[in-house]
S.K.: 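If you scroll down you'll find the structure; I have some questions about it.
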Protein chains: 2
Amino acid sequence: MSEIGFGKHDHSACISGALEAAEQVCSAQGLRLTKGRRRVLEILVQEHRAMGAYDILAVLSDEGFGAQPPVVYRALEFLVSNGFAHKIEKLNAYVACSHPQEGDHAPVFLICKSCGIVAEGDAPKRKSDLQQQAQESGFVIETTVMEAEGLCPTCVPGGEA
Amino acid sequence: MSEIGFGKHDHSACISGALEAAEQVCSAQGLRLTKGRRRVLEILVQEHRAMGAYDILAVLSDEGFGAQPPVVYRALEFLVSNGFAHKIEKLNAYVACSHPQEGDHAPVFLICKSCGIVAEGDAPKRKSDLQQQAQESGFVIETTVMEAEGLCPTCVPGGEA
DNA sequence: AAGTGAAATGTTATACTATATCAAGACGAA
DNA sequence: TTCGTCTTGATATAGTATAACATTTCACTT
């Protein structure tokens, strides 16, 4: 499964699946998926798009959750550092991970300039040119950001024909 | 030259070279490297590190330049969109391009977590896996962001031995 | 040389993104 | 139960970026 997902999918299954996966990973690793963290992940999965921290905050706020910025940023830090969500640096926004089951991975994001959709793909498993170049220069990579901006199949002129 | 530059170099030549290159490109393409734009580029080249917009602003301010944020952001927009500088998304910071002569290129940045140095490499010219993956899904890439964070040769424990 | 339109700059205000700090509560382990 | 740690609550503030509009500069035409 290294396909990039612009297609339709069963979203209600996708939501419950993502939450279940997160719960399993957390219980397996002794992490605490607390109420607030869980709710933030839920929001990200439900909306299924890149959201700014303050977008999420607004949703929480409507629900009577304590709704100060640190609440959201803490939850996001937990989710991102444990692989349940990713930060899109180019957008200063966050998305739920498309396949949290798979543990550590090096995601690649395709961001549509027109409709804003963000799709997550997998970085190649074989040693990338980036890795190679870095290694040659003696640099040790810990994390990578790979993001591409352009037009998704639906928004490409003449596309989706 | 697709080496990643952590080595030493003749910095005064590097500065004048970068400025000359920018002037040549501008005159060739009918772009205006105005005083403020030129000064911002100069600062970036001189400092030779990733700088926040407000770092640059502080330098301008000490020189009696009009020093409101839009001044810097406009200059940066010009420099970035014409390839004289790049934005490091992960840091919300800007660096002078290491090889502005080479026109459009897809840079790769290696960011050291320890000392903050940012080195620019070239993304591979041959069709990358990213391009390939995107193409298969019908996505048309316009720009890419590739950034890696880790430890540079100098900061790697046991490195530079 | 004067007129014109487009690009660039000056300036003020404000929006958006993120973290520091410290007090209080919740939870598991001994 | 007590301890230590992780998590949350709450206030304040730091850091990044753009909107909007007036004014100037510049290249080009007449």
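The sequence lines fix the lettering, A, B, ..., with proteins before strands; numbering per chain opens at 1.
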S.K.: Specify the residue among A:Tyr94 and B:Gly36 whose closest nucleotide of DNA chain C lies further upstream toward the 5′ end.
M.R.: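 This one resolves to B:Gly36.
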S.K.: Hey, is the main chain of B:Ser98 close enough, under 3.5 Å, to the side chain of B:Glu120 for a donor-acceptor pair?
M.R.: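 The answer is yes, because a donor-acceptor pair under 3.5 Å joins these two groups.
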S.K.: Rounded to whole Å, please give me the gap between CD in B:Glu89 and C1' in D:dA17.
M.R.: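 My rounded result for the distance is 12 Å.
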S.K.: State yes or no: do A:Leu110 and A:Val145 share one hydrophobic cluster built from I, L, V, M, F, W and Y residues joined by side-chain heavy-atom distances below 4.5 Å, directly or via other members?
M.R.: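 Shared cluster, no.
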S.K.: D:dT8, OP1 or OP2 - any side-chain N/O from A:Thr34 closer than 4.0 Å?
M.R.: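 A:Thr34 to D:dT8 OP1/OP2: side-chain N or O found under 4.0 Å.
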S.K.: The side chain of A:Pro70 is closest to which nucleotide in this list: C:dT9, C:dT19, C:dT12?
M.R.: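 From the listed options, C:dT19 comes nearest.
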S.K.: Could you give the CZ-to-P distance, from A:Arg37 to D:dC6, as a whole number of Å?
M.R.: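 A:Arg37 atom CZ is separated from D:dC6 atom P by 11 Å.
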S.K.: Calculate the interatomic distance between B:Asn92 atom CG and C:dT17 atom C1'; express it in whole Å.
M.R.: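 Checked: the CG to C1' distance equals 8 Å.
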S.K.: Please check if the side chain of B:Glu147 supplies one atom and the backbone of B:Lys90 the other of a donor-acceptor pair under 3.5 Å.
M.R.: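 Flag set: sc B:Glu147 to bb B:Lys90 pair under 3.5 Å.
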S.K.: Specify the residues of residues 71-81 of chain B, ordered by number, for which at least one heavy atom lies under 4.0 angstrom from an atom of DNA chain D.
M.R.: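 Hits under 4.0 Å, by residue number: B:Tyr73, B:Arg74.
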S.K.: Side chain of A:Tyr54, base of C:dA18: donor and acceptor closer than 3.5 Å?
M.R.: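 Present.
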S.K.: Between C1' on C:dA8 and CG on B:Asn82, what's the gap in Å once rounded to a whole number?
M.R.: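 So the CG-C1' distance, B:Asn82 to C:dA8, works out to 14 Å.
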S.K.: Should A:Thr144 and B:Met146 be marked as a side chain to side chain contact (heavy atoms under 4.5 Å, CB included) after you check the CA-CA gap, both sets of side-chain angles, and the distance that decides it?
M.R.: CA-CA 7 Å; A:Thr144 60; B:Met146 293 185 65; over 6 Å; no
S.K.: Please assess B:Tyr94 against B:His86 for the test ring pair (Phe, Tyr, Trp, His ring centres under 6.0 Å), listing each intermediate value before the final yes or no.
M.R.: CA-CA 6 Å; B:Tyr94 303 82; B:His86 300 290; over 10 Å; no
S.K.: Working note: A:Val108 + A:Asp122, criterion side chain to side chain contact (heavy atoms under 4.5 Å, CB included); need CA distance, chi angles, decisive distance, verdict.
M.R.: CA-CA 6 Å; A:Val108 176; A:Asp122 282 313; over 6 Å; no
S.K.: For the side chain of B:Arg49 and the backbone of B:Val95, is there at least one donor-acceptor N/O pair under 3.5 Å apart?
M.R.: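 No.
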S.K.: Rounded to whole Å, how long is the line connecting atom CG of A:Leu57 with atom P of C:dA18?
M.R.: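 Answer to the nearest Å: 12 Å.
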S.K.: Please check if the side chain of B:Glu89 supplies one atom and the backbone of A:Ile88 the other of a donor-acceptor pair under 3.5 Å.
M.R.: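 No, the answer is negative, given that no donor and acceptor are paired below the 3.5 Å cut-off.
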S.K.: Which whole-number value in Å describes the distance from B:Leu31 CG to D:dT25 P?
M.R.: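 The answer, rounded to whole Å, is 21 Å.
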S.K.: Provide, to the nearest angstrom, the distance between the NZ atom belonging to B:Lys90 and the C1' atom belonging to C:dA18.
M.R.: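 From B:Lys90 NZ to C:dA18 C1': 15 Å.
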S.K.: Under a single-linkage definition using a 4.5 Å side-chain heavy-atom cutoff for Ile, Leu, Val, Met, Phe, Trp and Tyr, are B:Leu44 and B:Phe84 assigned to the same hydrophobic cluster?
M.R.: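 Hydrophobic grouping puts B:Leu44 with B:Phe84.
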S.K.: If we fit an axis to the first five pairs and another to the last five of the helix from C:dA1-D:dT30 to C:dA30-D:dT1, what angle do they make, to the nearest 10°?
M.R.: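 Helix axis angle between the two ends: 30°.
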S.K.: Could you give the NZ-to-P distance, from B:Lys35 to C:dT9, as a whole number of Å?
M.R.: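 Whole-Å distance recorded here is 11 Å.
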S.K.: Begin from the C-alpha positions of B:Arg74 and B:Glu77 and carry the test salt bridge (Lys or Arg N to Asp or Glu O under 4.0 Å) through to its verdict.
M.R.: CA-CA 5 Å; B:Arg74 284 165 181 163; B:Glu77 192 197 352; over 6 Å; no
S.K.: I'd like to know if the side chain of B:Asn82 reaches the main chain of B:Phe78, judged simply by a donor and an acceptor atom lying under 3.5 Å from each other, with no hydrogens or angles considered.
M.R.: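 Pair found, side chain donor or acceptor close to backbone of B:Phe78.
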S.K.: So, for B:Ala75 and B:Gly36, which heavy atoms are closest and what is the spacing to 0.1 Å?
M.R.: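 Scanning both residues completely, I find the closest heavy atoms to be CB-O, 4.4 Å.
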S.K.: Assign a letter to each nucleotide of nucleotides 25-30 of chain C from its 5' end: B, base within under 4.0 Å of a protein heavy atom; S, sugar-phosphate only; -, no contact.
M.R.: --S---
